[in-house]
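Input: a single structure, listed below in C-alpha cells.
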Amino acid sequence: MRETFSRVYGPAPGLRVFRGPGRVNLIGEHTDYNLGFVLPMALDMACFIATAPNADGKLRVRSEDLDQSREWAVADLAALQPAHDWGDYVAGVAQQVVRLGFDVAPANLLIRSTVPVGSGLSSSAALETSTALALLAGRPLEKIELVKLCRRAENEFVGMPCGIMDQYISVFGRERAAVKIDCRSLGHEMVHLPEGVEILAVNTMVKHELGQSAYRNRVRECAEAVAAIGSVASLRDVDVAMFEAAAERIEPVARKRARHVVTEDARVEDFMAASNRGDLKAMGELFVASHRSLQHDYEVSCEELDFLVDTALSVPGVFGARMTGGGFGGCTVNLVAPEAVAAFEGAIRDSYQARFGITPQVYRCKPSAGACEVK
Ligand code: GLA
C-alpha cells in the first residue's frame, strides 16, 4: 500500500496502516438488536487503511477499489450531513470521533478492502473499525467504546438501525475461535469449533434493494411483539415457553418475527453445546433450522440464498447450510467435511451457474484477529 499511497498523495514517511476485518456469522441472526446472542467470527478478509498527516486542514480519503475520492474540511466534521455513498462510513466515524472529544487531525487516507462489498460479510463494519483506528492514530479508547462509536456512526450518520454484532466482532475477533456475544451485557466468550469441519461462505453475488427497508420493518415488528407480550424489555427476555403462552396476543406478522428471534436465541445456546461436544451433525441441523426460520418466519431470505442452501444440503459431507448476515442476498455459510470441500465447491458453482447464470464466489473462512495496526 505504501507505493500506491506515495503515488496518490506523495511521499509519506510517517505512514501507518490499520486493518479492520469482515465477519461471517455462524448462528444468531437478527438477534443482536433484540439484545440476544450471536456467534460470529472475524475473517481474514479485511479493510486496510493507510494514513499520514497532511498540512491542509482536510480529511481526504481515496478508495483504491472504487477508484474514487472524498474530502472534508476537518473543521466541518462535527456538523456534516450524510451524502448517501460509501464516504458516509468514513465521515460518520470521523464525526463520532469528534463527538467523543478527540480531535481529528488533517490526514490523507488510502483504503483497500478484500471484503467483498454487498456480500453480507460486513465490509461496512470493516471500513468503520479500520477508519476509527486510523483517525484515533494510537490514542487510547477502550475496545468496547470503539465498537459503540462505529455502531453510532452507522445508526446515526449512515442511518442504518443495525445491531452491534458486526462492529463488535470486527474489533473483538480472535484467531482460531468464533466469539459468542451477549448483545445485552456486551460480554463475550470464545468458542473453539471442533476439528473435522471447514466453514465455507458462498456469495450469491446479489443484493436485493428490499434489504434496507425490510431491516427497518423487522426492527419495528420485533418492538411490536415486545409491546404485545408486555412486561418485557426486549425479545431477549422471552423464552420459547413464554412466547408460546403469549403468542395469541401478538398480531400474526409480529408473532412470526418474534418466534424466529426467540427460537434463534435458543439455537445459539444449543449450537454452542453441540460444538463443545463435537457433535457436527447437531450443529448442521441447527444451521438448517436457523435458515428455515429466517426463510419462513423472519422472511429475510431470497430465492438465491434458498437455492444455495438447498443445493448445499444435497452434497454429501455437508453438515449444514444457512444464510448469514442481514439477508436478501449476500452469503450462505456452510459446515463442510474437509474431504468434501472440493466436491462441494464444484457442485455449488455448477448448479448456481446453471440456475442463475452467475458464478458464485466461495470463501474458506478462517477465524482471524480483530481490528489492529499493521506493523
Ligand atoms: C446486519 C446487521 C447486524 C445484524 C445482522 C443480522 O449484518 O448489521 O447488526 O442485525 O444484519 O443478524
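In each ligand, atom 1 is the first atom listed, and ligand 1 is the first ligand listed.
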Open item on the list: Classify the ring geometry of Y352 against F307: parallel below 30°, tilted from 30° to 60°, perpendicular beyond 60°.
Closed with: tilted

- [ ] Output the list of atoms in ligand 1 that are nearer than 4.0 Å to some heavy atom of C162, sorted by atom number.
- [x] 2 (C), 8 (O), 9 (O)

Open item on the list: Just to be sure I read this right, does ligand 1 sit under 4.0 Å from the backbone of R218, its side chain, both, or neither, counting only heavy atoms?
Closed with: neither

Open item on the list: Tell me whether the NZ or CZ atom of K256 lies within the 45° cone about the ring axis of Y298 and under 6.0 Å from its centre.
Closed with: no

- [ ] Considering only non-hydrogen protein atoms, determine which one is nearest to atom 10 (O) of ligand 1 and report residue, atom name and distance to 0.1 Å.
- [x] Y215 OH, 2.5 Å

Task: L136, V93, L135 screened by side chain to side chain contact (heavy atoms under 4.5 Å, CB included) with V104, the one that passes - done: L135

Task: Nearest neighbour in protein (non-hydrogen) for atom 1 (C) of ligand 1 - done: D166 OD2, 3.8 Å

- [ ] Can you spot which of N34, I229, V226 makes a side chain to side chain contact (heavy atoms under 4.5 Å, CB included) with V238?
- [x] I229

TODO: Would you kindly confirm whether L133 and V90 end up in one hydrophobic cluster when ILVMFWY residues are joined by side chain heavy atoms under 4.5 Å apart?
DONE: yes

- [ ] Decide ring pair (Phe, Tyr, Trp, His ring centres under 6.0 Å) for F37 and F271; before the verdict, give the C-alpha distance in whole Å, the side-chain angles of both, and the deciding distance to 0.1 Å.
- [x] CA-CA 11 Å; F37 303 111; F271 185 89; over 10 Å; no

Open item on the list: Using a 4.0 Å cutoff against the non-hydrogen atoms of Y33, which atoms of ligand 1 qualify?
Closed with: 10 (O)

Task: Heteroatom distance test (T31, ligand 1): nitrogen or oxygen, under 3.5 angstrom - done: no

TODO: Pull out every atom of ligand 1 sitting under 4.0 Å from any heavy atom of G163, numbered as shown with elements.
DONE: 9 (O)

Open item on the list: Looking at E299 and R257, is any side-chain nitrogen of the basic one under 4.0 Å from a carboxylate oxygen of the acidic one?
Closed with: yes

Task: side chain to side chain contact (heavy atoms under 4.5 Å, CB included) partner of P40, the single match among I181, V24, L26 - done: I181

Open item on the list: I need the nearest protein heavy-atom contact for atom 3 (C) of ligand 1: residue, atom name and distance, please.
Closed with: D32 OD2, 3.3 Å

Open item on the list: Heavy-atom contact check, 4.0 Å cutoff: does E264 meet ligand 1?
Closed with: no

Open item on the list: I need the nearest protein heavy-atom contact for atom 5 (C) of ligand 1: residue, atom name and distance, please.
Closed with: M165 CE, 3.8 Å

TODO: Heavy-atom contacts with G325 under 4.0 Å: which atoms of ligand 1 show up? List them by number with element.
DONE: 6 (C), 11 (O)

Open item on the list: E29 versus ligand 1: do any nitrogen or oxygen atoms come within less than 3.5 Å of each other?
Closed with: yes

Task: Atoms of ligand 1, numbered as shown, that sit under 4.0 Å from any heavy atom of R23 - done: 7 (O)

- [ ] Answer yes or no on whether R112 is positioned over the face of F48, meaning its NZ or CZ is under 6.0 Å from the six-membered ring centre and within 45° of the axis.
- [x] no

